[in-house]
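Beneath this line is the structure, given in structure tokens, with notes to follow.
Just so you know, these numbers use all the heavy atoms, side chains as well, and skip hydrogens, waters and symmetry mates.
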Amino acid sequence: QVQLVESGGGLVQAGGSLRLSCVASGRTFSTYAVGWFRQAPGNEREFVGLISWNGGNTYYADSEKGRFTISRDNAKNTVYLQMNSLKPEDTAVYYCAAKRGTYDYTLERLYNYWGQGTQVTVSS
């Protein structure tokens, strides 16, 4: 069993940066790939990026490439989402989720565990 808790959200001006954290409980966390998703009001939840279990591979949605970076520290059971050059359209609730393997990483139904989300608001 893995439990995930996100933190680090808040209010930031456009062009600013935030770093979200996803802290996990459970001894098997280091064997899971971790994805980040976000959901803006009125929109469906969308894939942001994913990091493999050992951090060796990362994948990003096209809109986040070059602005967002995912990293992990398995010794701390933590995955990070560094967000730079934030835009108002990045405003959303951000979720982390864990899955086995990195295949089909945009498919929410393949993720076994989800956090409760953290709000990110970018003002113009």
Side-chain angles (χ1 to χ4, degrees):
Q1 191 78 351
V2 175
Q3 293 184 322
L4 305 174
V5 178
E6 304 94 335
S7 64
L11 175 64
V12 63
Q13 289 188 330
S17 297
L18 278 176
R19 188 177 79 161
L20 306 184
S21 298
C22 173
V23 179
S25 63
R27 291 178 295 174
T28 61
F29 175 71
S30 62
T31 65
Y32 284 83
V34 174
W36 286 94
F37 290 77
R38 67 184 182 186
Q39 187 168 22
N43 290 356
E44 294 185 352
R45 191 156 53 187
E46 64 178 5
F47 172 76
V48 172
L50 175 131
I51 188 165
S52 61
W53 69 274
N54 63 353
N57 293 290
T58 52
Y59 307 89
Y60 300 96
D62 288 342
S63 59
E64 280 72 61
K65 286 180 181 177
R67 298 192 302 126
F68 292 6
T69 302
I70 301 174
S71 60
R72 69 188 296 163
D73 184 344
N74 283 342
K76 296 182 178 179
N77 270 12
T78 303
V79 172
Y80 304 98
L81 175 63
Q82 177 68 44
M83 305 186 293
N84 299 327
S85 303
L86 284 163
K87 307 173 183 179
E89 51 263 44
D90 294 318
T91 295
V93 177
Y94 284 71
Y95 301 87
C96 63
K99 72 183 295 292
R100 296 289 194 185
T102 58
Y103 59 93
D104 293 331
Y105 49 77
T106 65
L107 297 181
E108 293 183 35
R109 60 181 173 83
L110 297 183
Y111 287 79
N112 305 95
Y113 304 102
W114 290 82
Q116 83 291 347
T118 186
Q119 176 70 48
V120 170
T121 303
V122 184
S123 63
S124 57

Report yes or no: do V93 and I70 belong to one cluster of Ile/Leu/Val/Met/Phe/Trp/Tyr joined by side chain heavy-atom distances under 4.5 Å? no
Take atom CD of E89 as the centre, draw a 6.0 Å sphere, and report whether it contains more than 12 heavy atoms from other residues, nucleotides or ligands. yes
Nearest 0.5 Å please: distance from the OH atom of Y60 over to the CZ atom of F47. 9.5 Å
Closest heavy-atom contact between A24 and L4? CB-CD2, 3.5 Å
S7 vs T118 side-chain heavy atoms within contact, under 4.5 Å: no
Separation between NZ of K99 and CD of E108, rounded to the nearest 0.5 Å: 12.5 Å
D73 (side chain) donor-acceptor with T78 (main chain) under 3.5 angstrom: no
Side-chain contact test, heavy atoms from C-beta onward, threshold under 4.5 Å: evaluate it for T31 versus R100 and give yes or no. yes
Charged N to carboxylate O below 4.0 Å: is that the case for D90 and K87? no
Would the distance check show the side chain of Y95 and the main-chain N or O of G35 forming a donor-acceptor pair, the cut-off being under 3.5 Å? no
Going from CE on M83 to CZ on R19, what distance comes out if it is rounded to the nearest 0.5 angstrom? 11.5 Å
Could you pull out the closest heavy-atom pair between A33 and T102, with the gap in Å? CB-CG2, 4.2 Å
What do the steps show when you test L11 against S123 for side chain to side chain contact (heavy atoms under 4.5 Å, CB included), and what is the final call? CA-CA 7 Å; L11 175 64; S123 63; 4.3 Å; yes
Would the distance check show the side chain of S85 and the main-chain N or O of R67 forming a donor-acceptor pair, the cut-off being under 3.5 Å? no
What distance separates Y111 OH from L50 CG, expressed to the nearest 0.5 Å? 4.5 Å
Evaluate the ring planes of W114 and F37, with Trp represented by its six-membered ring, and classify them as parallel (under 30°), tilted (30 to 60°) or perpendicular (over 60°). tilted
Locate the shortest heavy-atom distance separating R38 from S63; write the atom from each residue and the value. NH2-OG, 4.0 Å
Please confirm whether R72 makes a cation-pi placement over F29, using NZ or CZ under 6.0 Å from the six-membered ring centre and within 45° of the ring normal. yes
On a heavy-atom basis, which atom in P88 and which in S124 lie closest, and how many Å separate them? CG-CB, 3.8 Å
Would you confirm whether Q116, through its side chain, and V5, through its main-chain N or O, come within 3.5 Å as a donor-acceptor pair? no
In this structure, CH2 of W53 is separated from CG of N74 (nearest 0.5 Å) by 8.0 Å
Side chains of Y113 and Y32: does their closest heavy-atom pair fall under 4.5 Å? yes
Once you round to the nearest 0.5 Å, how far does OG1 of T106 lie from OH of Y59? 12.5 Å
Is it the case that the side chain of E6 and the backbone of G117 share a donor-acceptor pair, with hydrogens and angles ignored and the cut-off at 3.5 Å? yes
What pair of heavy atoms forms the shortest contact from V48 to F68, and how long is it? CG1-CD2, 3.6 Å
Identify whether Y80 and Y105 are in the same connected component of the hydrophobic contact network (ILVMFWY, side-chain heavy atoms under 4.5 Å). no
Does V122 offer a backbone N or O that forms a donor-acceptor pair with the side chain of T91 under 3.5 Å? yes
